[in-house]
Amino acid sequence: MASSIEEVRKSVRLYLMVFGALGVLTIVTVLASSLNVSVAVGVFVALAIASVKGTLVATYFMHLLGERSTLYWVLILAAFFFLLLILIPVMMHSETVHLIDQVT
Amino acid sequence: MSSDHTHNPGFIRKYVFSVDHKVIGVQYAVTSLIFLFFGFSLMMIMRWQLAYPGDAIPLIGGWLGQYLVDNNGVLLPEGYNALGAMHGTIMVFLGVVPLAVGGFGNYVMPLQIGAPDMAFPRLNMASYWVYVLGGIAMLASFFVPGGAANSGWTSYPPLSVIANVDNAHHFWNGQTIWLLGMVLLITSSLLGSVNFIVTIVHLRVKGLTMFRLPFFVWAQLVTSFLLLLAFPPLEAAGVLQLMDRAFDTSFFMPTGLVVSGVVRDEYAGGGSPLLWQHLFWFLAHPEVYVLILPALGIIGEIIANNTRRPLWGYKTLVYSVVFLGFMSFVVWAHHMFLTGMGTTMSNFFQTTTMIISIPSVVILTAMLLSLWNASIRFNVPMLFALSFLPMFAIGGLTGLPLGLSASDIQLHDTYYVIGHFHYVVAPGTIMALFAGIYFWFPKVTGRKMSTLLGHLHFWPTLLFMNVIFGPMLIIGLRGVSRRLWDQTEYVLGAEVQGWTVMSSWGAWMLGLSQLPFIINFFYSAVAGKKSVENPWKATTLEWAAPSPPPHGNFAEVPVVYRGPYEYSVPGAKEDFQPQHLSDAKLS
Amino acid sequence: MSSELLPHTLEPHPVTGMYNGKFGLWLFLASEVMLFGALFSAYILLRTHGDFPSHEETTLNYKIGALNTFLLITSSVTMVMAWASFKLNEPSKGKLYLWLTVFLSVAFLVIKIKFEYLHKIHHGITPDTSTFYAIYYCMTGLHGLHILGGVIVMLYFLLPGFGLWRKNPEQFTNRIECTGLYWHFVDLVWIFLFPVFYLL
Amino acid sequence: MIASSFWLPPNIAERGSEIDIIISYLHIFMAVLFVVWGVYFAYCLVRFRASANPTATYADAKAKTSKAAEVIVIVIEAILLVGFSIPVWAYYRSEPPTADKNPLTVRVVAQQFAWNIHYPGPDGKFGKTRPELIDEALNPIGLVDASEDPNRADDYVSVNIFHIPKDRDILVRLTSKDVIHSFAVPLLRVKQDAIPGMEIPIWFKATKTSEETQKIMTRAYAVPESAAGRRAEKFINRNRLLITMSKNGSVPAGTTLTAEHLKTLIADGITSVDLAPAFPVNIQCAQLCGLGHYRMKGQMVIHESDDYEAWFAEAGVEEVFEDDEEEDD
Ligand code: HEA
Ligand code: HEA
Ligand code: CUA
Ligand SMILES: [Cu+2]
């Protein structure tokens, strides 16, 4: 964690760099979306860029990089359940629809 | 934080808007006990209709109002549904959770870790008052046009979305208020869970490592994580349903609904009714472990204390509870086997469901093994705690046929489910909560509860719990659906009506059996026998504080020297070694 | 008892490396992850299995969205700068940055409400138009409420709450740090909302 | 007959016994576990009560047996899961009757609070439906006109009464008009939620006709003391009870019980009669669906195969079923 005065001073420059990166990535997302690619690729690219941006915010602005493992465990837990919550309903729904198609 | 409560606070500050975890704990406990009794009363009314379908409710039938009964005092079908939905909601969210977590957790946990208070005292107060607001909302919903929510505690759309709405097009109707109340209750639990986790992790006194924590604290810690991560999805779902009701969106409304011959095209369509079920059960399955884990924690404390020996396999217990907590997030769709699930998903969820039963078996086994070579004292808390074990066993074991998707085809949504979960929550959790009340009462009030009244409470309660819920398992196996206003409508229901009558009488007798407890509770609080600091000769830290503990809890901050259950240590002078006494002091 | 006596109100706990407030805030954020997770789940389910309008049929203006993204990113920077300034014991700079953050977020809200919500509603596009707009209004609305909450907290620390700086600068800085964590999270959510609603 | 009312109702489905077996094995397993632990528990309470064992032992008891017990639990659960539940579920969920088995395909459309049974007719094709055509009394599922869709011409819709032939695979496409219902026939070991916006397939095969089922479900009932009063009323009304056998023949077997019959029975001093339900196979709604949930009852009528054909030949002409309860909602 950036706690000593010196470290804080140093990280200020870092923040500005991250800021620049975020700005550029935003522009890249917008540009990428106007490319003529398939929906799947488009979704992938957009979410990939968003994930990079999100990671930047979390690691630098939120100082996640300097935190201890306790916090990581909590967040990993939340992230895992997050994925589960997102994936299972969709998978289950697809399976049901498949079942219906099979018969009708 | 301001220091305005260092000097003597006034009455309101001290007893109403207090930030002291002990006062808040007692507030939670008393409020939730009242809600428990209220929720039980709703059920005693319903049980009349179940036993004697179509007969006017005696005594109070005329008083219940137009939304519940007809002119003759007969419970209306929609009234029955409203009472059922509110019974479930009140028991779970306003009764058991606030008592087990808000009451016991708040009062006992900080004492057991030697903390002066919770990490965020004002947040703690806020949790309580948000809970009260949620409770008031739920109660108020009985009086709005159309009456209280009547789509079950599960509130499945589309039923819940169209419920009451056309009932004069009131926005402020039972289901809407139910949703708002739920949002408040969820918020309260979220605030509470953050507070609990920080307190347990950060505020332990010196020497109290994680593996020296009393089992109860572990149970509270895992419970808090369940609340923290499982509740938000229901909050989201609640918002979505509110939008469906208020703005005619169609998150849960498929295209082409026709209700009573009217095409409901105010909804755009395209929504999924199953989405709600996913979000609801993502909460509600972990929620059922929220109902049981604190109870297991209480049982652990009382069994260790009254067997006079360490809990068997303390570490195993801790690992099991943590594993149970984790697994409880990956079984939710076992409530949805019959929503059209295919084989892959069903295999996944029935497998996880079988896996989750293992830690429960391990925990129960450990508790049972703790009895071996013990020296069992049969005081009132211990009686309740012991009765918990076989009762929870029945409840848990009957979960297995539900957990296999094939047998669930026959048992789903029958009284077998009702029997299953009441065995875990009523003769299970409620007995554990009673045990906890008898156990910690001397700490809270400085007085003991009457043993005679305790026995008068215990024996009939145990008996009638079984008279109520045992028959439900049979009725369910016979194929009778739950939530039926009149089961004799069906051949199979009519055949087993006798069991239903018996179950109802059990419920009313159970109601009567609570009288000794209520008397005991209030009488002993003011006039019970004075109790010493450590009446049960227990080892954990709460017994090191005076009874009742003063503001700030401990005269001097205790230091912990050993694990939580050092009973009957060979060669020791006494048969218990409190955590806070150094070896030098003990010899 | 006064909470000053509570352990770890200021000094980090040796195991977690955080003081109480920060740990609590992170836990709260974990629950927020689940809150938005549920909504994203709803979005995906509706999109993949319902009558969900295709991207071409929706009329969100990605330029406004991009502008708002930019505003929020900037506000995240000013927020972290505000914290750094307080940490470096430069309260006036810190205050300035905090005011900037407030300004940027209010700008975000104004754009969101005036040029998006009201504009859409004016054209008869409301939550019940289609499931797309339902989930759009719901998620961005909830996000907007989070922004509003953040603004209120910041205003509190700038105006009545600033007294704490004089009494206990360390505690004040900690609170700004917590506010910042929350703020970056809200920004992070928007980073995902933007492509999901405006671009895909 | 009394003994059976503790346990599952009679099974009349071809593969229903597979579910019954799982439930039975599980309960035996549960009972053994409960009894073994219960005996141990009781023994401990007596043997280690404070007065009999004043000092407890600090060391943990050795727990080889309990470890073994836990392993046994895991093994048995795994066997039941893999050996029984998963295959049975696969039958119920992924093995629909194939065309060569000539299944009878029927749509069932649930609504508050009735079951609409939509038969495709001899052509085996369902006519189109549209929600806006729904008329609760005349066209409950919103079938289009035969001029628009010729498939519709021979379709037949029956409300709350579901005729099927015995020994033939039935494929039901289940859906709902309004809220979620659940199509449950306990005797057939069938249950499936009916979800609006989805048409979920289920299948089953009955091995007994309604009449045969009636025989199985015959039970002795105590005749009330007088022919008046609520008990007597209920005695007569419930489930249109049918006397199949009466001890001295004062009421012939096979008649539907009326107040007159009851008087005769009482006059003849008969205290107990064997009764069977007129419609033994109920369709229940198993999902809370509103105030009429409790009376969302359908009747399954299971014919011999020939009788079914004969019934269907007439069905379009003759209204076969009037419910004794009025259809209010
Ligand atoms: C505290 C609450 C609680 C607990 C602990 C449980 C525990 C379990 N539950 Fe239950 N359940 C509910 C509350 C609970 N449940 C509720 C409220 C519902 C219904 C909601 C609704 O629809 O309204 C429900 C519904 C429910 C369903 C859905 C049924 C349906 O709708 O069709 C299923 C299905 O899998 C299920 C399974 C299980 C399983 C496998 C366990 C397992 O965790 C159990 C494991 C325990 C054991 C296996 C016991 C071990 C015993 C021994 C070792 C013997 C010891 C012997 C002696 C002492 C004598 N439960
Ligand atoms: C924690 C949860 C909980 C608890 C404890 C209970 C407890 C009880 N429940 Fe409940 N029940 C549910 C949760 C719970 N229930 C749920 C979720 C449903 C499903 C709802 C739905 O269908 O949507 C349900 C449904 C349900 C039904 C089925 C209705 C139907 O399907 O139509 C029935 C039927 O009898 C029933 C009965 C009872 C009874 C007799 C008790 C008794 O055991 C009650 C015992 C209570 C006490 C003994 C009170 C003790 C308190 C005091 C004595 C207070 C003293 C006060 C002071 C000292 C201040 N319940
Ligand atoms: Cu239809 Cu219950
Ligand atoms: Cu569950």
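Lettering follows sequence order; numbering is per chain, from 1. These figures come from a predicted structure and were not determined experimentally.
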Can you tell me how far the [atom1] atom of [X] sits from the [atom2] atom of [Y], to the nearest 0.5 Å?
X      : Y      : atom1 : atom2 : value
B:L484 : D:L288 : CG    : CG    : 9.5 Å
B:W372 : D:F48  : CH2   : CZ    : 4.5 Å
D:Q284 : B:E489 : CD    : CD    : 10.5 Å
D:N53  : B:R308 : CG    : CZ    : 13.0 Å
B:L338 : D:Q192 : CG    : CD    : 6.0 Å
D:M296 : B:S481 : CE    : OG    : 11.0 Å

So which of B:Q410, B:R483, B:E566, B:E78 has the biggest tally of heavy-atom pairs under 4.5 Å with chain D?
->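 Sorted descending by pairs with chain D, the first entry is B:Q410.
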
Give the minimum heavy-atom separation between [X] and [Y], together with the two atoms involved.
X      : Y      : value
D:L45  : B:F378 : O-CZ, 3.5 Å
D:H293 : B:R482 : NE2-O, 3.4 Å
B:S375 : D:P54  : OG-O, 3.1 Å
B:L368 : D:F41  : CD2-CD1, 3.5 Å
B:L159 : D:Q112 : CD1-NE2, 3.7 Å
D:I23  : B:S407 : CG1-CB, 3.5 Å

Counting N and O atoms only, with roles assigned by atom type, does the side chain of D:K177 sit under 3.5 Å from a partner on the main chain of B:V258, one being a donor and the other an acceptor?
->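 Pair absent, no side-chain N/O of D:K177 close to backbone of B:V258.
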
Backbone of D:T57 reached by a side-chain donor or acceptor of B:N373 within 3.5 Å = no

State whether a side-chain donor-acceptor pair under 3.5 Å links B:Q350 with D:S85.
-> yes

Modelled atom types, side-chain donor and acceptor of B:S346 and D:W89, under 3.5 Å =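 Short answer, yes.
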
Name the region of [X], side chain, backbone, both or neither, that has any atom closer than 4.5 Å to a heavy atom of chain D.
X      : result
B:V263 : side chain
B:S370 : neither
B:L411 : both
B:Q497 : neither
B:L274 : side chain
B:P157 : backbone
B:I358 : side chain
B:F337 : both
B:V362 : both
B:P254 : side chain

Taking C-beta and beyond as the side chain, do D:F6 and B:L477 meet within less than 4.5 Å on heavy atoms?
-> no

With side chains defined as the heavy atoms from C-beta onward, is the minimum distance between D:Q287 and B:Y156 less than 4.5 Å?
-> yes

Sort [X] into side chain, backbone, both or neither according to what part of it lies under 4.5 angstrom from a heavy atom of chain B.
X      : value
D:A286 : both
D:A52  : neither
D:I76  : neither
D:L26  : side chain
D:I195 : side chain
D:I22  : side chain
D:I200 : side chain
D:V190 : backbone
D:E18  : neither
D:Y91  : neither

Of all of [options], which one pairs up most often with chain B through heavy atoms under 4.5 Å apart?
options                       : answer
D:I202, D:V73, D:I180         : D:I180
D:I19, D:I21, D:I86           : D:I86
D:W37, D:Y40, D:F29, D:F34    : D:Y40
D:L81, D:L33, D:L80, D:V88    : D:L81
D:A194, D:P186, D:S176, D:A59 : D:P186

Sequence neighbours excluded - salt bridge (Lys or Arg N to Asp or Glu O under 4.0 Å) pairs with any residue from residues 70-94 of chain D =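 Counting only pairs at least two positions apart or across chains, no salt bridge (Lys or Arg N to Asp or Glu O under 4.0 Å) contact touches residues 70-94 of chain D.
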
Given D:Y294, which of B:T488, B:N81, B:D486 fulfils the side-chain contact (heavy atoms from CB on, under 4.5 Å) condition?
-> B:D486

Scan for side chain to side chain donor-acceptor pair (under 3.5 Å) pairs involving residues 20-32 of chain D, sequence neighbours excluded, and state none if there are none.
-> B:Y416-D:H27, D:D20-D:R189

